[in-house]
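In what follows, a single structure is set out as C-alpha cells and then discussed.
In this text, all values refer to a predicted model and were calculated from it rather than measured experimentally.
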Amino acid sequence: MEFFLVFIALLLMILGIVGSFLPILPGPLTSWAGLLVLHFTDGVELSQTFLIVTLLIAIFIYVLDYIIPAIGTKRFGGSKSGMVGTTFGLIIGLLSPIPFGIIIGPFIGALIGEMIHRNDIQKALKAAFGSFLGFITSTFLKFIVAIIFLGFFIVKLSEHNTNWI
C-alpha cells in the first residue's frame, strides 16, 4: 500500500509540473496534492504547518495565474480578446508538431485575438507582447513552485524510515 501511495504522489508531482504549462491543469495545486498523498504514507513526516503553508502558496500562485496575464495585457494596451487568443494559441501550440509551439502559440494567439478586436497592427503587436509576457511570467512562477514542491517531495521521500512492503 505504501508503494502505491508513493507512486500516486509521484504521479501528482509530475502532473503538477506538466500543469505549469497546461492551462487546464492547476500545476502547483496538483503538486501540493502529491505532497498531501505523501503525508499519508507511513514513515514520511510532514507537519500540518508545512502542509498549510505550501497549500497557501499553491493557492496564491493559482490566483496569480489569472491576474498576471491580465496585468501584462492591460499594461501593454490589450483586451480580453488578446487573453483568449493567448489561451487558444497555447493549446494549439502544445498540440501542434511545430518546434517551440508552446512559446510561439500564445504570442500568435494573442496577436490574432487583438487583430480581431482592433484592426491596428502596431497596437495588436504591443498588446500581444504584453499578453505573451504575462503568460510567460505566470507559467515560470507555476513551474518554479512545482519544482520546489518536487524538491520537498524528494527530500521527504529520502527521509522515509519504514519498509516499502
Side-chain angles (χ1 to χ4, degrees), residues 1-76 78 82-84 86-96 99-107 109-110 128-165:
M1 182 66 170
E2 298 302 309
F3 184 76
F4 178 72
L5 286 175
V6 170
F7 176 75
I8 295 297
L10 179 61
L11 184 63
L12 287 167
M13 298 304 291
I14 293 168
L15 283 174
I17 292 170
V18 170
S20 297
F21 300 99
L22 297 175
I24 57 173
L25 192 63
L29 285 172
T30 306
S31 291
W32 181 84
L35 291 174
L36 182 64
V37 170
L38 186 66
H39 171 71
F40 290 112
T41 61
D42 290 335
V44 175
E45 308 240 351
L46 297 172
S47 71
Q48 283 184 335
T49 304
F50 174 80
L51 288 172
I52 290 169
V53 168
T54 52
L55 175 62
L56 291 175
I57 290 169
I59 290 170
F60 180 69
I61 295 298
Y62 179 76
V63 170
L64 276 182
D65 186 37
Y66 291 98
I67 295 171
I68 291 174
I71 291 171
T73 302
K74 286 189 185 233
R75 182 115 192 203
F76 285 81
M83 289 174 34
V84 170
T86 301
T87 302
F88 280 122
L90 171 66
I91 293 167
I92 292 169
L94 281 170
L95 299 176
S96 68
F100 305 107
I102 194 170
I103 295 171
I104 297 168
F107 180 80
F129 179 73
S131 182
F132 173 74
L133 193 61
F135 163 76
I136 292 296
T137 302
S138 67
T139 299
F140 179 73
L141 283 173
K142 290 187 300 182
F143 178 72
I144 292 299
V145 169
I147 291 295
I148 290 170
F149 284 3
L150 177 64
F152 289 150
F153 175 86
I154 292 169
V155 167
K156 293 299 181 180
L157 194 60
S158 71
E159 295 171 354
H160 183 268
N161 60 14
T162 62
N163 288 332
W164 289 104
I165 302 173

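- Taking the side chain as every heavy atom from C-beta outward, Leu38 and Leu5 never approach each other to under 4.5 Å.
- Here the closest non-hydrogen pair linking Val145 and Pro28 is CG1-CB, 3.8 Å.
- To the nearest 0.5 Å, the span separating CZ on Phe153 from OG on Ser158 amounts to 10.5 Å.
- Here the CE atom belonging to Met13 is positioned 8.5 Å from the CG atom belonging to Leu10, to the nearest 0.5 angstrom.
- Across Leu51, Leu56, Leu12, Ile61, a single residue satisfies side chain to side chain contact (heavy atoms under 4.5 Å, CB included) together with Trp32, and that is Leu51.
- Interatomic distance, Ile92 CD1 to Ile104 CD1, rounded to the nearest 0.5 Å: 13.0 Å.
- Nearest heavy-atom pair, Gly130 versus Phe76, reported as atom, atom and distance to 0.1 Å: CA-CD1, 3.3 Å.
- Using the six-membered ring where Trp is involved, Phe143 and Phe21 have ring planes that are tilted, between 30° and 60° apart.
- Using a 4.5 Å heavy-atom cutoff, the side chains of Leu55 and Leu29 are in contact.
- With rounding to the nearest 0.5 Å, the separation of CD1 in Ile17 from CG in Leu25 is 11.5 Å.
- Within a 6.0 Å radius of CZ in Phe50, other residues, nucleotides and ligands contribute more than 12 heavy atoms.
- Residue pairs meeting the side-chain hydrogen bond (donor to acceptor under 3.5 Å, both in side chains) criterion with at least one partner in residues 10-31, sequence neighbours excluded, do not occur; the list is empty.
- Taking all atoms of both residues into account, the shortest heavy-atom contact from Gly134 to Ile68 is O-CG2, 3.4 Å.
- Going from atom CG of Leu133 over to atom CD1 of Ile136 covers 8.0 Å, rounded to the nearest 0.5 Å.
- Considering every non-hydrogen atom in both Phe135 and Pro106, the closest pair reads CE2-CG, 3.5 Å.
- The two residues Asp42 and Glu2 have their closest heavy-atom pair at N-OE1, 2.5 Å.
- Note that CZ of Phe149 is 5.5 Å distant from CD1 of Ile57, once rounded to the nearest 0.5 Å.
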